[in-house]
Amino acid sequence: MIKVLLFAELQERAGKSEVMVEADSISVQELKEKYLLKYDMADLLAQAMLAVNEEYSEEDTVLKSGDTVAFIPPVSGG
Amino acid sequence: MIKVLLFAELQERAGKSEVMVEADSISVQELKEKYLLKYDMADLLAQAMLAVNEEYSEEDTVLKSGDTVAFIPPVSGG
Amino acid sequence: MERYWITPQPISIDECINKVVRPEAGAISTFIGIAREFTRGKRTLYLEYEAYIPMAVKQLERIGDEIGTKWPDTLVSIAHRTGRLNISEVAVAIAVSSPHRDQAFKASRYAIERIKEIVPIWKKEHWEDGTKWIGDQKETISYVENNKSAKEGQSD
Amino acid sequence: MERYWITPQPISIDECINKVVRPEAGAISTFIGIAREFTRGKRTLYLEYEAYIPMAVKQLERIGDEIGTKWPDTLVSIAHRTGRLNISEVAVAIAVSSPHRDQAFKASRYAIERIKEIVPIWKKEHWEDGTKWIGDQKETISYVENNKSAKEGQSD
């Protein structure tokens with residue numbers, strides 16, 4: 001299982017803060033294409049950075065079962 | 001009467017914080033020469049700025065009876 | 001004593017400051033971001049902040065590390081609020097101590113700029129006539145490109 | 001509500017900050033000068049500050065006016081301590097609020113530089129091996145030219 005975390009507008013669009021995906025050895029890009037298209041948030045995902053296990057990461061990072069991938073919309077703290 | 005205020009090292013050198021001078025229509029420079037030489041602080045006075053009635057002023061300012069002149073050693077607040 | 005934290009509770013500036021006071025310090029520069037009511041004439045009723053908390057704390061620590069490398073004699077503390085904030089409530093507090101003032105000023109400025117770049121925290125504006133998640137304040141554009149309010153959320 | 005004051009009592013940063021909070025403000029920059037124990041390895045036991053109080057308050061107000069001219073949307077508050085200060089006690093606190101952060105940072109920096117130039121307040125260092133009134137910190141020389149400790153009192 002891979003845990004997908006969604007924040008801010010991504011979370012509102014998906015209607016949930018967390019998606020569990022039954023997958024292993026899959027790149028972030030593949031994960032988006034195979035499991036996240038149904039949430040109709042591709043435009044927002046395209047603008048988001050991403051983090052794997054709480055560290056900034058890239059689209060071609062390969063996720064293992066047990067990993068957590070978070071999609072980080074442009075930040076606005078401060 | 002003109003009130004002379006002394007601060008910090010000037011005050012310690014003179015041994016007092018205030019000197020009352022019986023004078024009128026006298027420049028600050030004259031006041032220093034006629035009334036303050038006895039305090040042995042000419043070196044410190046030479047480095048001090050001065051204020052008349054709480055506003056920065058110059059040596060050639062003419063003091064009237066009732067005025068307050070303050071000698072301001074280089075400041076070190078903050 | 002943790003110097004970086006994310007909290008739903010009101011932030012105490014004094015707590016932030018106390019974490020950086022030390023005998024070597026002669027200067028403390030703080031930056032406080034507070035909820036502003038008016039931005040270009042548009043009235044904000046309140047703000048809402050969301051954070052990816054564990055990662056946000058790590059990124060705050062990273063900013064502290066970056067500052068420690070750039071200005072070795074500094075000590076940094078940063079707190080960021082989450083949840084609903086009324087006008088004038090503290091969203092973020094930064095305190096930097098250093099022996100002399102120049103480093104403290106530069107480091108606290110650096111900290112807020114970096115927070116706006118790398119810390120996973122999001123602000124939602126609640127106006128009289130709607131709401132919006134604000135994005136990408138550094139470039140003063142919203143991440144929702146076709147939103148008419150896109151420029152509302154610029155630098156606080 | 002007086003925004004500029006000189007006091008023999010401990011300074012509350014929160015009091016300074018509260019005087020500049022307002023709905024238009026999104027940013028507050030503060031500067032806090034505290035009594036430093038070590039300067040170039042020399043140990044300070046405590047500090048003593050003396051002020052020409054009525055004139056010092058006027059000069060603080062003047063600094064606030066200068067800032068208001070340079071950065072029109074700012075609001076400033078400054079408090080300075082007098083008397084004996086133990087290590088890490090607050091000597092001066094400056095708070096500047098503004099709609100956006102750039103003005104607040106620039107104005108608080110400006111305020112401390114000007115305090116060190118024009119406000120009639122003096123610091124006396126009490127070291128383990130003696131005392132000295134510090135002068136002219138901006139140029140890092142003492143006003144007692146022939147004093148060997150002349151460079152001890154530089155920028156805090």
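Naming convention: chains lettered A, B, ... in sequence-line order (proteins, then strands); numbering from 1 in each chain.
- The structure places OG of B:S76 at 7.0 Å from OH of D:Y49, a figure rounded to the nearest 0.5 Å.
- Contacts between residues 53-61 of chain B and chain D, counted as heavy-atom pairs separated by less than 4.5 Å, involve B:N53, B:E54, B:E55, B:Y56.
- A donor-acceptor pair shorter than 3.5 Å can be found between the side chains of D:Y110 and D:E66.
- Of the atoms belonging to D:R81, not a single heavy atom falls under 4.5 Å from chain B.
- Scanning all heavy atoms of the two residues, the minimum distance from D:A111 to D:I63 falls at CA-CG2, 3.9 Å.
- Annotation: residues 4-17 of chain D contacts chain B through no residue [non-hydrogen atoms, separation under 4.5 Å].
- Residues D:L60 and D:I115 form a side-chain contact, since some pair of their non-hydrogen atoms from C-beta on lies under 4.5 Å apart.
- Ion pairing between D:R114 and D:E117 holds under the 4.0 Å rule for side-chain N and carboxylate O.
- The choice from B:Q11, B:M49, B:E12 that makes the most heavy-atom pairs within less than 4.5 Å of chain D is B:E12.
- Salt bridge status for D:K124 with D:E50: absent, with no side-chain N to carboxylate O gap under 4.0 Å.
- With a threshold of 4.5 angstrom between heavy atoms, D:Q59 approaches chain B through side-chain atoms but not through N, CA, C or O.
- D:W127 places a side-chain heavy atom less than 4.5 Å from the side chain of D:K132.
- At most 12 non-hydrogen atoms from other residues, nucleotides or ligands lie less than 6.0 angstrom from NZ of D:K106.
- Aromatic ring orientation, B:F7 versus D:W122: parallel (interplanar angle below 30°, classes split at 30° and 60°).
- The two atoms that bring B:S65 and B:I2 nearest to each other are CA-CG1, 4.2 Å, heavy atoms only.
- Salt-bridge formation is detected for the pair B:K64/B:D67: a Lys NZ or Arg NE/NH1/NH2 atom is positioned less than 4.0 Å from an Asp or Glu carboxylate oxygen.
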